> 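Quick one: the structure is below, and I'll ask about it shortly.
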Amino acid sequence: MDKDMSLIRKTIITSLLTVTVATTAAANAQSASKKQEDTILNYARNNGVVAGGAKYCKVADDLLEEYIAKTNAQIAFLARDDYQKVLGRLEFKNTMTAATVKKPKTSCDDIIERFKTILRESR
């Protein structure tokens with residue numbers, strides 16, 4: 001009888017430890033995925049503001065298209081899966097659209113110069 005109780009206790013303890021380890025591993029994986037998603041969304045927002053400001057200031061269309069293509073490519077590179085890629089691209093597009101209709105805090109000359117510098121450095 002004592003032997004059976006001891007075996008049951010060991011089984012329960014082992015099961016609890018297994019559940020704890022599995023739960024911790026799942027939480028860590030979810031946390032890493034969330035950090036990856038946050039990185040993509042921050043990148044998309046920042047680049048959306050830059051692109052929207054450039055569009056507001058009427059930068060040349062070919063330069064804007066190049067910037068958009070490079071941003072979308074980088075989002076695809078950073079994304080772990082199609083969900084993150086779509087989410088990042090939507091965030092970029094929506095932020096860019098919002099920034100397009102709002103006057104930038106700095107002058108258009110400064111925005112265009114900064115935009116061209118960013119593009120030049122990415123080539």
Side-chain angles (χ1 to χ4, degrees):
M1 176 91 171
D2 286 334
K3 214 175 192 183
D4 290 338
M5 289 303 284
S6 177
L7 183 61
I8 291 171
R9 284 187 192 135
K10 286 180 182 178
T11 303
I12 290 172
I13 290 171
T14 302
S15 296
L16 288 173
L17 287 173
T18 302
V19 168
T20 302
V21 169
T23 303
T24 302
N28 287 340
Q30 188 175 28
S31 177
S33 180
K34 177 72 173 133
K35 286 179 185 176
Q36 176 79 8
E37 196 171 289
D38 288 346
T39 299
I40 292 168
L41 291 176
N42 286 332
Y43 178 82
R45 282 185 203 111
N46 291 338
N47 283 281
V49 169
V50 170
K55 189 171 182 178
Y56 178 91
C57 294
K58 304 199 183 336
V59 73
D61 286 341
D62 59 329
L63 295 177
L64 185 60
E65 288 173 16
E66 179 183 350
Y67 187 82
I68 291 169
K70 287 183 177 189
T71 299
N72 282 328
Q74 185 64 25
I75 289 169
F77 176 76
L78 293 171
R80 278 189 156 155
D81 54 27
D82 286 341
Y83 173 79
Q84 287 184 348
K85 183 170 39 174
V86 169
L87 189 65
R89 287 181 175 173
L90 282 172
E91 189 69 27
F92 170 67
K93 182 181 174 186
N94 289 338
T95 304
M96 181 180 67
T97 301
T100 298
V101 297
K102 185 177 178 186
K103 183 178 179 183
K105 294 177 182 177
T106 60
S107 73
C108 277
D109 290 339
D110 289 343
I111 297 255
I112 290 172
E113 189 58 40
R114 179 174 161 227
F115 180 79
K116 287 180 178 179
T117 300
I118 291 170
L119 259 181
R120 208 175 307 116
E121 290 174 356
S122 72
R123 291 180 179 152

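Because the structure is a prediction, the values reported are computed rather than measured.
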> Output the distance between atom CZ (Arg114) and atom OG (Ser107), rounded to the nearest 0.5 Å.
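Taking CZ in Arg114 and OG in Ser107, the distance rounds to 12.0 Å.
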
> For the CZ atom of Arg89 and the CG atom of Asp82, what is their distance to the nearest 0.5 Å?
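Answer rounded to 0.5 Å: 9.0 Å.
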
> For residues Cys57 and Pro104, report the shortest heavy-atom separation together with the two atoms involved.
SG-CG, 4.1 Å

> Can you sort out the partners of Lys55 under side chain to side chain contact (heavy atoms under 4.5 Å, CB included), two or more places apart, ordered by chain and number?
Leu64, Thr100

> Mind checking the CG-CD1 spacing from Leu63 to Ile68? Nearest 0.5 Å is all I need.
11.0 Å

> Apply side chain to side chain contact (heavy atoms under 4.5 Å, CB included) to Leu87 and list each qualifying residue two or more places apart in sequence or on a separate chain.
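Side chain to side chain contact (heavy atoms under 4.5 Å, CB included) check on Leu87 returns Glu37, Leu41, Tyr83.
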
> With rounding to the nearest 0.5 angstrom, report the CD1 to NZ distance, Ile111 to Lys103.
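Going from the CD1 atom of Ile111 to the NZ atom of Lys103 covers 11.0 Å.
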
> Excluding sequence neighbours, so at least two apart, what forms salt bridge (Lys or Arg N to Asp or Glu O under 4.0 Å) with Lys70?
Glu66

> Taking C-beta and beyond as the side chain, do Asn47 and Met96 meet within less than 4.5 Å on heavy atoms?
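In short, these two side chains do not touch, never coming nearer than 4.5 Å.
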
> With a 4.5 Å cut-off on side-chain heavy atoms, are Lys102 and Tyr56 touching?
no

> Quick one: list whatever passes side chain to side chain contact (heavy atoms under 4.5 Å, CB included) with Ala44, sequence neighbours left out.
Ile75, Glu91, Phe92

> Between Arg45 and Val49, is there a side-chain heavy-atom distance shorter than 4.5 Å?
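Of all side-chain heavy-atom pairs linking Arg45 with Val49, none is under 4.5 Å.
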
> State which residues pass side chain to side chain donor-acceptor pair (under 3.5 Å) with Asn46; sequence neighbours excluded, sorted by chain then number.
none

> Nearest 0.5 Å please: distance from the OG1 atom of Thr71 over to the NZ atom of Lys93.
14.5 Å

> Side chain to side chain contact (heavy atoms under 4.5 Å, CB included) with Ala79: which residues, sequence neighbours excluded?
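Ala79 satisfies side chain to side chain contact (heavy atoms under 4.5 Å, CB included) with Ile40, Gln84, Lys85 once adjacent residues are dropped.
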
> Under the side-chain hydrogen bond (donor to acceptor under 3.5 Å, both in side chains) criterion, do Thr97 and Asn94 qualify, and how do the steps go?
CA-CA 5 Å; Thr97 301; Asn94 289 338; 5.4 Å; no

